[in-house]
Every structure is written in structure tokens, then in C-alpha cells.
Amino acid sequence: MPRPVRIAICQFASEPPTTGSVSNNFAKLTVFVSSAADQRADLIVFPEYFLTGVIADHLNLAFDEGHWLGDLQVLAQRYNIDIVAGTIVERSPNNSAHLFNTARYIDKHGRVLGEYRKKHLWYLEKEYLQGDLEEHQIFETDLFKAGLLICWDIAWPEAFRALLRQGVEVVIVPTYWVFGDVGEVGQGHDPQGAGEIAWLDSLLVNRAYENECCVVFVNCGGPQELGFLGRSGVALPFKGAVTRIESAEEEMRVVEIDLEILQDARSVYKIKEDLELKQRQGLL
């Protein structure tokens, strides 16, 4: 039986951290949520750090845990749409010096169905963020079994395997992936970023095939000359990249997929089945 889902991927270009940028970014998010709802999207996904941009030099823009949650819940209910509002850097309620990069899945009823703190930090983030130590978990939405990962997590097959073992169907990956992060060494080998783009594109598709799931990857948008890559997309086994935003610029796109394809993928590739067998045999 068909299982159609309409997903809006929003390659959002955040205003750089300044006075007033947070409220401006939230106002723009509201416009995109409204547009996605008008296009009958079931879910809209934004990038990592959508609200502030990277705050390495602006740690005052970290928020108390759940500070923006109420506003996002109101939006989800008003527009009758599920929302993954990228990530927000939040202070730990147990230690205000500890900052976590947090993503949440809020459904159209305003319920928080899933919450995830970034586990695998990019090396620069380790200077000011804490990586979470909790195990990866899936959660149920009205439409699918979901998991949340963030940016650099996509480079870790183990993160996806943990979700696959639990029967994940859709893995949502808010991201802030820009070319400049590879530094002078990386740019010396790959001055145009062609290799980085090829790797990023292949990661999205490979993770979908390897884990018999849909991967929703939403990167930040911005000027290419400033190192923004774009490449937001949705991938499925058998299909590869169902859609991909080739440009680095800000763009929202709505794509409809049929999750019934995942049942076919698991009957053909049998990766989850073999994984479970090897676990029972003590091979993993």
C-alpha cells in the first residue's frame, strides 16, 4: 500500500550573528513554514544553526534549554505541519557552561516526538560544545519511524547502524557544512571543492542504501563565494537522490516520496535482516 509523504527541505540562509539577527531569522523561518504548508507538505526541515549561524565567537547567543520550543510548537499547530527547526545551541540545565547542539522533531499537534543532542562534533565545535553521550534513538511520528542526526554524524556509519537496528525509516540530518571548514590543507588539495561536493553527494545516497532508509539532508544556504555548498537533498534506496539542491543559495523545495519502497529495499538487500542474524550469531 502506498505511503506518500511530502517533505519540504529548506536550505535556509541565516543572517550572521548580530543584534537582531535571531528575531529576523525566526521571522523568515515562519514565512517558509507557511509556504510549505500551502504546498501541502507534511514535514519541513531546516539546517543546523538556522537561528544564529555558527556561534563560536558569539556564545552569548546560546539559549536556555527549550527557550524557543513554545514558539515552534505554536507554529506547527498553526500551520498543521511537522517541523524540524534545524538545531539550536542550548545551555545544559545542569551546568550552564556546557553547551549542546540540539535538534527536535515537533509534530503538527505541537508534540515533541524526538530530541537529539549532537554526538559527533566537528573538531572546531569541540572547543565550545559538548558532545552527547546518549545512545541514538528512533521515535514514531504519524507517518514513519524517524531518527535525528546532525551534520558530521553523517560521516559516522555507526550512527546510522544504531538507528537501522531499531527499524528507522526516515533519518533527518540538519547540517551546516561549508567548504572553508577543511582549512588551508583541504583547500590546497581541492581548491574548487569538487571533491568535497562529490563526497557529500555520495554520503547522502550511500547512507540511504546501506541502511534501507530515506535520508533527508538539509544544509545551510549562502553565497558560494563565501564557501557555502548547498547540496540539500532527499535520498532513497533504488532511487538514489530523489531531489538535490545543486545551488548553494537559499531555496526551499517540496518533494513527495512513497515510503513503501523501503519494504521492497529490505526484501531485496536484506541488510537489517543480515545484521540481526550476525548479532544473534555473536559476529557483531
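Only this structure's heavy atoms are used, side chains among them; waters, hydrogens and symmetry mates stay out. Because the structure is a prediction, the values reported are computed rather than measured.
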Original post:
Can you get from L148 to I9 by hopping between Ile, Leu, Val, Met, Phe, Trp and Tyr side chains that sit under 4.5 Å apart?
Top reply: yes

Original post:
Has K28 got more than 12 heavy atoms of other residues, nucleotides or ligands less than 6.0 Å from its NZ?
Top reply: yes

**OP:** May I ask you to check whether over 12 heavy atoms, not counting those of Q192, lie within 6.0 Å of atom CD?
**Re:** no

Return all side-chain donor-acceptor pairs below 3.5 angstrom for residues 171-185, not counting sequence neighbours, or 'none' if the list is empty.
| from | atom 1 | to | atom 2 | distance (Å) |
| --- | --- | --- | --- | --- |
| T175 | OG1 | V173 | O | 3.1 |
| W177 | NE1 | E196 | OE2 | 2.9 |

**OP:** Using a strict 4.0 Å threshold on nitrogen-to-oxygen distance, state whether E276 and K278 make a salt bridge.
**Re:** no

**OP:** Count the heavy atoms belonging to other residues, nucleotides or ligands that lie under 6.0 Å from CD of Q263, then report whether that count exceeds 12.
**Re:** no

Subject >> Basic-acidic side-chain contact under 4.0 Å: R3, D258 >> reply: no

Subject >> Residue pair N101 / E48, side-chain donor-acceptor N/O under 3.5 Å >> reply: yes

Subject >> Side chain proximity check, L259 to C214, heavy atoms < 4.5 angstrom >> reply: yes

Original post:
Got a salt bridge between R111 and D107, using NZ or NE/NH1/NH2 to carboxylate O under 4.0 Å?
Top reply: yes

Subject >> Beyond-backbone contact of E246 with R231, side-chain heavy atoms, under 4.5 angstrom >> reply: yes

**OP:** Go through the side-chain N and O atoms of Q39 and S35 and say whether any donor and acceptor fall under 3.5 Å apart.
**Re:** yes

Subject >> Close side-chain approach of W68 and V22, heavy atoms under 4.5 Å >> reply: yes

**OP:** Using a 4.5 Å cut-off on heavy atoms from C-beta on, say whether the side chain of V254 contacts that of R40.
**Re:** no

**OP:** State, with a plain yes or no, whether a side-chain heavy atom of Y49 is found less than 4.5 Å away from one of T87.
**Re:** yes

**OP:** Mind checking side-chain contact (heavy atoms from CB on, under 4.5 Å) for A85 and listing every partner two or more places apart, or none if nothing turns up?
**Re:** L29, F50, L72, I83

Subject >> Aromatic ring proximity, centroids under 6.0 angstrom, Y116 and H136 >> reply: yes

Subject >> Note, P157 side chain near R207 side chain (heavy atom, < 4.5 Å) >> reply: yes

Original post:
L124 and L121: same hydrophobic cluster, using ILVMFWY side-chain contacts below 4.5 Å?
Top reply: no

Original post:
Would you say the side-chain atoms of R244 and S232 include a donor-acceptor pair closer than 3.5 Å?
Top reply: no

**OP:** Spell out, as yes or no, whether a donor-acceptor pair under 3.5 Å connects the side chain of E250 to the backbone of A13.
**Re:** yes

**OP:** Decide whether L69 and L75 are clustered together by the hydrophobic rule: side chain heavy atoms of Ile, Leu, Val, Met, Phe, Trp, Tyr closer than 4.5 Å, transitively.
**Re:** yes

**OP:** Check whether any side-chain heavy atom of L163 sits under 4.5 Å from a side-chain heavy atom of I138, and report yes or no.
**Re:** yes

Original post:
Does a side chain donor of either E15 or S21 reach within less than 3.5 Å of an acceptor in the other side chain?
Top reply: no

**OP:** Give a yes or no on whether V218 and V33 share a hydrophobic cluster (residues Ile, Leu, Val, Met, Phe, Trp, Tyr; joining criterion: side-chain heavy atoms under 4.5 Å apart).
**Re:** no

Subject >> Sequence neighbours excluded, every pair satisfying ring pair (Phe, Tyr, Trp, His ring centres under 6.0 Å) that has a member inside residues 213-240 >> reply: F238-Y269

**OP:** Test H120 against W152 for ring-ring contact (aromatic ring centres under 6.0 Å, His included), laying out the working first.
**Re:** CA-CA 6 Å; H120 299 103; W152 191 232; 9.1 Å; no

Original post:
Are L203 and V234 connected, step by step, through hydrophobic side chains (Ile, Leu, Val, Met, Phe, Trp, Tyr) whose heavy atoms are closer than 4.5 Å?
Top reply: yes

Subject >> Worked check of salt bridge (charged side-chain N to carboxylate O under 4.0 Å, His left out) between E212 and K272 >> reply: CA-CA 8 Å; E212 299 163 340; K272 183 174 185 292; over 6 Å; no

**OP:** Output, in order, the C-alpha distance, side-chain angles, deciding distance and verdict of salt bridge (charged side-chain N to carboxylate O under 4.0 Å, His left out) for K119 and D132.
**Re:** CA-CA 5 Å; K119 192 178 184 76; D132 198 26; over 6 Å; no

**OP:** Answer whether the closest heavy-atom distance between the side chains of L113 and I106 falls below 4.5 Å.
**Re:** no

**OP:** Taking S34 for its side chain and T30 for its backbone only, find out whether a donor-acceptor pair lies under 3.5 Å.
**Re:** no

**OP:** Take E169 and K145 through the test salt bridge (charged side-chain N to carboxylate O under 4.0 Å, His left out) and record every step on the way to the result.
**Re:** CA-CA 5 Å; E169 294 178 311; K145 295 177 181 178; over 6 Å; no

